[in-house]
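Atoms within each ligand, like the ligands themselves, are counted from 1 in listed order.
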Amino acid sequence: MERARELAQAVKRAAAELGFSACGITTAEPVAGREALEAWLAAGLHAGMAYMERDPAARCEPRALLAEARSVIVVGASCNAQPITTKATAGEALFARYAGNLDYHDVLKERLRSLRSVLEAAAGGPVRARVCVDSSPLLERALAVRAGLGFVGKSGMLIHRRFGTWLLLAELLVDVDLAPDAPAAGRCGRCTRCIDACPTGAILAPGVIDSTRCISYLTIEHRGGFASEQAARLGRRVFGCDVCQEVCPFNGRAEAIADPAFAPRPATTARTLAELAEMDEEQFREQFRRSPVKRAKWAGLRRNAAAALSCNSPVRDHQRAVVADGELVVADGAA
Ligand code: B12
Ligand code: SF4
Ligand code: SF4
């Protein structure tokens, strides 16, 4: 037990040195959430993400990914490198904050490989491990709750007491016993700001997201064209959506970070919709190298920019998040 505690401490120290904002540990036992996941899939709320249908039971079972797993190290990297402000310039494109610079999948994978080496040195021998970042079939938020990183809010986002909703999650599954953390407590109380502010009404109930309506899904995962009512709700968003995070009061107190991996690059700042809609494939490849925006592909980004350009701002798209009297609120203004 003493050894498990010492190793856990060594892992957490190393995680902080490697640039992770948060690190928690849980066992490799199955996570809760299977019924909720199955109900979500049965209702078709995963839209066109067919990969989500594959073996939902395994998503709750870390040992389906690494049979020998004893512990799961859950890390979070805050992408809160930009101040929360709404770019007011008409015609300017909005990118989700996590997409400001490097692809977090690559960044976090590399840092987790280093963490594994540190653990091997501390444990005095080889460690069987599996690195998971987003695309592995694992319920990352449920694991993060159990590892003490935060609680799941009505927006569906994991909320950390210091970093708010801005943590990007990743895991290192290992065949070593590490002292687990206690699950995190916390709750939204009576707040419903994210539900009220979502431009498409995609938060059907606390924590339940309808991907068919979610702008994040539409601008990143969806292939093909948009129905006019979908295009009409994009506002100026061309890659992802942060509305349900920007209005969250827990983010008003969230610590900003100075991680160069997430400091916005020119390609995602001060870009006009028109510029993006006309960009050629070579420019796209050049400007979004090693960026998560690649996921939308050239055709997807142009489609999003063109749709946003043609969008006639219905009532809710006039809303934007602003800071008033030190508080984040949703106000009317040009979308
Ligand atoms: C599919 C997916 C999407 C889909 C569907 C969204 C959704 N809510 O499921 C789309 C494309 C819409 C999407 C959008 C976004 N996503 Co996404 N997405 C995923 C992915 C790949 C799977 C999520 C999943 O399994 N969904 C199915 C539902 C049913 O599961 P769930 O929401 O995770 O809910 C479970 C837990 O929360 C748990 N739970 C809920 N409450 C409680 C309470 C307790 C006490 C416990 C124990 C458990 C628990 O039970 C639920 C059901 O099993 C994960 C990565 C991963 N492998 O987990 C990233 C992930 C959830 N996405 C992430 C991000 C950043 C986003 C966006 C913010 C991106 C953006 N800026 O545009 C938006 C936010 C939308 C939103 N409000 O959720 C992060 C979230 C980080 C965080 N702090 O929460 C993740 C974890 C990726 C990562 N590695 O960082 N995403
Ligand atoms: S990401 Fe945007 S569209 Fe999706 S649930 Fe949050 S506010 Fe709604
Ligand atoms: S905006 Fe309010 S209801 Fe939504 S997650 Fe944040 S605290 Fe919870």
Side-chain angles (χ1 to χ4, degrees), residues 22 26 31-41 43 45-49 51-52 56 59-60 74-79 94-99 104-105 108 132-147 149-160 163-171 183-204 206-222 233-235 237 239-252 292 295 316 319 321 328 330:
T26 182
V31 275
R34 180 170 166 186
E35 279 104 61
L37 173 63
E38 284 175 349
W40 186 75
L41 290 167
L45 301 181
H46 57 304
M49 295 176 287
Y51 57 86
M52 289 299 301
R59 272 192 181 263
C60 312
V74 185
V75 290
S78 172
C79 62
L94 291 176
F95 291 81
R97 193 165 302 200
Y98 84 86
Y104 74 94
H105 298 86
L108 302 196
C132 301
V133 185
D134 181 52
S135 54
S136 300
L138 211 52
L139 274 184
E140 293 190 307
R141 302 202 258 216
L143 270 169
V145 170
R146 209 174 67 189
L149 257 59
F151 70 100
V152 173
K154 292 178 190 171
S155 61
M157 298 299 292
L158 180 93
I159 301 176
H160 184 276
F163 298 102
T165 64
W166 300 112
L167 289 185
L168 299 164
L169 302 174
E171 304 75 31
R187 55 193 195 92
C188 296
R190 275 191 276 188
C191 176
T192 57
R193 286 185 190 184
C194 52
I195 297 173
D196 302 338
C198 173
T200 61
I203 308 177
L204 303 184
V208 181
I209 310 299
D210 179 355
S211 306
T212 66
R213 300 193 209 181
C214 178
I215 292 170
S216 180
Y217 169 79
L218 292 171
T219 54
I220 303 173
E221 301 288 330
H222 174 68
R233 297 207 172 261
L234 295 182
R237 292 172 205 95
F239 187 86
C241 169
D242 286 337
V243 173
C244 53
Q245 300 185 78
E246 284 173 346
V247 298
C248 181
F250 286 97
N251 284 338
R295 171 111 186 133
R316 300 190 83 177
Q319 294 183 324
L328 270 171
V330 175

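Of all atoms in ligand 1, numbered sequentially from 1 with element shown, those under 4.0 Å from a heavy atom of L167 are 81 (C), 82 (C), 83 (N). Shown in contact with C194 at under 4.0 Å from a heavy atom are these atoms of ligand 3, numbered in order with element: 1 (S), 3 (S), 4 (Fe), 5 (S). Heavy-atom contacts of I159 reach the following atoms of ligand 3: 5 (S) (cutoff under 4.0 Å). Interface atoms of ligand 3 facing F250, defined by a heavy-atom separation under 4.0 Å, are 7 (S). Residue C244 approaches ligand 1 through these ligand atoms, each under 4.0 Å from one of its heavy atoms: 77 (N). Here is the list of ligand 3 atoms found below 4.0 Å of a heavy atom in C248: 1 (S), 6 (Fe), 7 (S). If you number the atoms of ligand 1 from 1 as listed, the ones under 4.0 Å from a heavy atom of L158 come out as 82 (C), 83 (N), 84 (O). Of all the atoms in ligand 1, the ones that sit under 4.0 Å from a non-hydrogen atom of A96 are 71 (N). Near S216, with a cut-off below 4.0 Å to any heavy atom, the atoms of ligand 1 are 14 (C), 15 (C), 69 (C), 70 (C), 72 (O), 73 (C). Under a 4.0 Å criterion applied to the non-hydrogen atoms of T200, ligand 2 contributes the atoms 3 (S). Residue V243 approaches ligand 2 through these ligand atoms, each under 4.0 Å from one of its heavy atoms: 7 (S). Each of the following atoms of ligand 2 lies closer than 4.0 Å to a heavy atom of P199: 7 (S). Interface atoms of ligand 2 facing I203, defined by a heavy-atom separation under 4.0 Å, are 5 (S). Counting atoms of ligand 1 from 1 in the listed order, those under 4.0 Å from a heavy atom of T165 are 83 (N). Residue D242 approaches ligand 1 through these ligand atoms, each under 4.0 Å from one of its heavy atoms: 71 (N). The contact set between ligand 3 and K154, taken as ligand atoms under 4.0 Å from a residue heavy atom, comprises 3 (S), 5 (S), 8 (Fe). Residue contact check: Y98 has heavy atoms under 4.0 Å from atoms 69 (C), 70 (C), 71 (N) of ligand 1.
W40 is listed as a side-chain neighbour of S211, based on a closest heavy-atom distance under 4.5 Å. Side-chain atoms of L45 and V208, non-hydrogen and from C-beta on, do get closer than 4.5 Å to each other. Residues L169 and D134 fail the side-chain proximity criterion, which asks for heavy atoms closer than 4.5 Å.
Of the possible donor and acceptor atoms, none in the side chain of H46 sits under 3.5 Å from a partner among the backbone N and O of M49. With hydrogens and angles disregarded, no donor-acceptor distance shorter than 3.5 Å links the side chain of K154 to the backbone of R187. Here the side chain of R141 pairs a donor or acceptor atom with the backbone of G156 at under 3.5 angstrom. No donor-acceptor pair closer than 3.5 Å links the side chain of W166 to the backbone N or O of R97. Judged by distance alone, with hydrogens and angles left aside, the side-chain atoms of T212 form no donor-acceptor pair with the main-chain N or O of A47 at under 3.5 Å. Side-chain atoms of T165 do not come within 3.5 Å of backbone N or O of M157 as any donor-acceptor pair.
At a heavy-atom cutoff of 4.0 Å, ligand 1 is contacted by the backbone of S136 but not by its side chain. Proximity of Y104 to ligand 1, defined as any heavy-atom pair under 4.0 Å, is confined to the side chain (atoms from C-beta onward). Neither the backbone nor the side chain of W166 comes within contact range of ligand 1; no heavy atom lies under 4.0 Å. Of all the heavy atoms of I203, none lies under 4.0 Å from any atom of ligand 1, so neither backbone nor side chain is involved. Contacts of L138 with ligand 1, taken as heavy-atom pairs under 4.0 Å, involve the backbone alone. When heavy-atom distances to ligand 1 are checked against a 4.0 Å cut-off, L37 comes that close through both its backbone and its side chain. Residue-level proximity to ligand 1 for R34 is absent, since no heavy atom of it falls below 4.0 angstrom. Contact annotation: for M52 versus ligand 1, heavy atoms closer than 4.0 Å belong to the side chain alone. Contact annotation: for S155 versus ligand 1, heavy atoms closer than 4.0 Å belong to the backbone alone. Here D242 has no heavy atoms under 4.0 Å from ligand 2, in either its backbone or its side chain. The proximity of T165 to ligand 3, defined as any non-hydrogen pair under 4.0 Å, does not occur for either the backbone or the side chain. By the criterion of a heavy-atom distance under 4.0 Å, neither the backbone nor the side chain of R146 is placed next to ligand 1.
For the 3.5 Å distance criterion, the side chains of Y51 and E221 qualify, holding a donor opposite an acceptor.
Taking both residues in full, the closest heavy atoms of V74 and A147 are given as CG2-CB, 3.7 Å, listed atom of the first, atom of the second, then distance.
When distances from atom 66 (C) of ligand 1 to the protein are checked, no heavy atom turns up under 4.0 Å. Under the 4.0 angstrom criterion, atom 53 (O) of ligand 1 counts as having a protein heavy-atom contact. Closer than 4.0 Å to atom 17 (Co) of ligand 1 lies none of the heavy atoms of the protein. There is a protein heavy atom less than 4.0 angstrom from atom 58 (O) of ligand 1. Distance check for atom 79 (C) of ligand 1: every protein heavy atom is found at 4.0 Å or beyond. Distance screen at 4.0 Å: atom 27 (C) of ligand 1 has a protein heavy-atom neighbour inside the cut-off. Put simply, atom 63 (C) of ligand 1 has no protein non-hydrogen atoms near it, under 4.0 Å away.
At least one N or O atom of L169, backbone or side chain, sits closer than 3.5 Å to an N or O atom of ligand 1. At least one N/O-N/O distance between G33 and ligand 1 falls below 3.5 Å. By the 3.5 Å distance cut-off applied to N or O atoms, D134 is counted among the residues near ligand 1. Checked against a 3.5 angstrom limit, the closest N/O atoms of M49 and ligand 1 fall outside it.
Closest heavy-atom approach to atom 6 (C) of ligand 1 within the set M157, E221, R141, H46: this belongs to R141. With I220, V133, V152 as candidates, the residue nearest to atom 41 (N) of ligand 1 on a non-hydrogen basis is V152. Considering only non-hydrogen atoms, atom 5 (C) of ligand 1 lies nearest to S211 out of G150, C198, S211.
Given atom 6 (Fe) of ligand 2, the protein heavy atom at minimum distance is C244 SG, 2.4 Å. Here the heavy atom of the protein found nearest to atom 8 (Fe) of ligand 2 is C198 SG, 2.3 Å. Looking from atom 2 (Fe) of ligand 2 to the surrounding protein, the closest heavy atom is C241 SG, 2.3 Å. Atom 3 (S) of ligand 2 has I215 N, 3.2 Å as its closest protein atom, hydrogens excluded (heavy atom only).
Taking 2.8 Å as the criterion, C191 counts as a coordinating residue of atom 2 (Fe) of ligand 3, since one of its N, O or S atoms falls below it. Residue side and main chain included, C214 places an N/O/S atom under 2.8 Å of atom 4 (Fe) of ligand 2.
Residue contacts with ligand 1 leave out A170, since none of its heavy atoms falls under 4.0 Å from the ligand. Heavy atoms of Q245 approach ligand 1 to within less than 4.0 angstrom.
Note: F151 and F250 meet the aromatic proximity criterion, with ring centroids under 6.0 Å apart.
Ionic pairing of D210 and R213 is present here: one or more N-O contacts between side-chain nitrogen and carboxylate oxygen are shorter than 4.0 angstrom.
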